[in-house]
Amino acid sequence: MEKFAPVKRSEDGQPVRYLIVDDSVFARKNLARMVETFGGQVIGEAGDGVSAISEYDRLMPDIVLMDITMPQMEGIEAAEKIVRDHPSARIVMVSSVGYQENIVAALQRGARHFVQKPVKPEVLYEVIKYVMRDDGTTTRGAGAGA
Amino acid sequence: MRMDLIQPFINSADAVLAQGLESPISIENLSMEEEAYRRKGIAAEVSLTGEIEGRIIFDVDLGTAVQLASRLAGVEVSETNDDLVREAVCELANQIIGNSVTTLNDQGFHFRVHPPTLHTSEQGSKSSEDTEALVMCFNTASGNVFMNVALRHHCRRALEHAAVAG
């Protein structure tokens, strides 16, 4: 996997902390591997929207990577509920279902960005930098990146 | 079966498999299913409801599934790691079908896609007159991948949706 310049929190220089939400364990592991190459730290995982909300409240991650099609509660509804309670939550939807209506619905309900599966690491990296823009820094010279 | 409903699945399987496996793929075979569906190996089923209704089964034999899982995970996955291999097949199905659904929705078809489930029974229902099944076989560097698509278009629901939309 490519090397990327680590994205750190600008406030304390610590790794960006991620909550990964996807009903597929395989997808969660792949995303975790990817964000670790960005210098990130996975602090929690959830397999559905309901657990995502409770895990967010418990862990207060810097970024949530959220699937859309999940059992119990879908990702867009979970994102809306999280943002209602935590307006500064940074939620990036990561889904294979990327039609316009879905993307608009996700953004209207508080998601910051949308990445379509299969995820290209260089695309996710740019999105993470964009979403963290005011609160994140990249360490130059640590890798070529995207 | 309407080819405009099928083409996005072919394009999407081609794109997702080629990207994930980092090698070109080809369509080995494409045929209408005459008999009831018979599972070949590890199979994930995704159902659609709405203007387009039906199911898609993504099916690979165990050896191919292990190779696919290893390529996609970037690490060697053992045949004994059943859960991870099954998860990989489901996730691949999810990505291929999700990308096809995206194209169909952007073309104006409105329907809902449900999370993939493992198809465990040996045999499925036989095609009917209004829901024919098309079987596609994709040849990849890791082995053959089968996709069985049985969909029908509900004209009445499409008209209702158009009326509601204004």
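Because only heavy atoms are used, hydrogens play no part in the values below, and waters and symmetry mates are left out as well, while side chains stay in. In what follows, chains are A, B, ... by sequence order, proteins preceding strands, each numbered from 1. In this text, all values refer to a predicted model and were calculated from it rather than measured experimentally.
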Using non-hydrogen atoms only, which part of B/Leu72 is less than 4.5 Å away from chain A: side chain, backbone, both, or neither?
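Both the backbone and the side chain of B/Leu72 come within 4.5 Å of chain A.
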
Tell me whether [Y] is reachable from [X] by hopping between hydrophobic residues (I, L, V, M, F, W, Y) whose side-chain heavy atoms are closer than 4.5 Å.
| X | Y | result |
| --- | --- | --- |
| A/Val42 | A/Leu19 | no |
| A/Val127 | A/Ile82 | no |
| A/Leu124 | A/Ile103 | no |
| B/Val46 | B/Ile6 | yes |

Pairwise ring pair (Phe, Tyr, Trp, His ring centres under 6.0 Å) hits with a residue in residues 4-26 of chain B, at least two apart
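Counting only pairs at least two positions apart or across chains, no ring pair (Phe, Tyr, Trp, His ring centres under 6.0 Å) contact touches residues 4-26 of chain B.
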
Inter-chain polar pairs, chain B versus chain A: which donor-acceptor atoms lie under 3.5 Å apart?
unit_1, atom_1, unit_2, atom_2, d
B/Leu72, O, A/Asn30, ND2, 3.4
B/Ala73, O, A/Arg33, NE, 3.3
B/Ala73, O, A/Arg33, NH1, 3.2
B/Ala73, O, A/Arg33, NH2, 2.8
B/Glu87, OE1, A/Ser24, OG, 3.2
B/Glu87, OE1, A/Val25, N, 3.0
B/Glu91, OE2, A/Lys117, NZ, 3.0
B/Asn94, O, A/Ser96, OG, 2.9
B/Asn99, N, A/Ser96, O, 3.4
B/Asn99, OD1, A/Gln116, NE2, 3.4
B/Asn99, ND2, A/Lys117, O, 2.9
B/Thr102, OG1, A/Ser96, O, 3.3
B/Thr102, OG1, A/Gly98, N, 2.7
B/Thr102, OG1, A/Gln116, NE2, 3.4
B/Asp106, OD1, A/Gln100, N, 3.2
B/His110, NE2, A/Glu101, OE2, 3.3
B/Arg112, NH2, A/Glu74, OE2, 2.9

Over all heavy atoms of both residues, which pair between A/Pro71 and B/Pro115 is shortest? Give the atoms and the distance, please.
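Closest heavy-atom pair between A/Pro71 and B/Pro115: N-CG, 4.1 Å.
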
Looking at B/Ala88 and A/Phe26, what are the two nearest heavy atoms and their distance?
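Nearest heavy atoms, B/Ala88 then A/Phe26: CB-CE1, 3.6 Å.
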
Under the side-chain contact (heavy atoms from CB on, under 4.5 Å) test, which residues partner A/Ala78, sequence neighbours left out?
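Result, side-chain contact (heavy atoms from CB on, under 4.5 Å) vs A/Ala78: A/Ile53, A/Met66, A/Met73.
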
Could you tell me which residues satisfy side-chain contact (heavy atoms from CB on, under 4.5 Å) with B/Ala65, sequence neighbours excluded, listed by chain and number?
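Counting only residues at least two positions away or on another chain, B/Ala65 forms a side-chain contact (heavy atoms from CB on, under 4.5 Å) with B/Ile42, B/Val60, B/Val85, B/Val89.
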
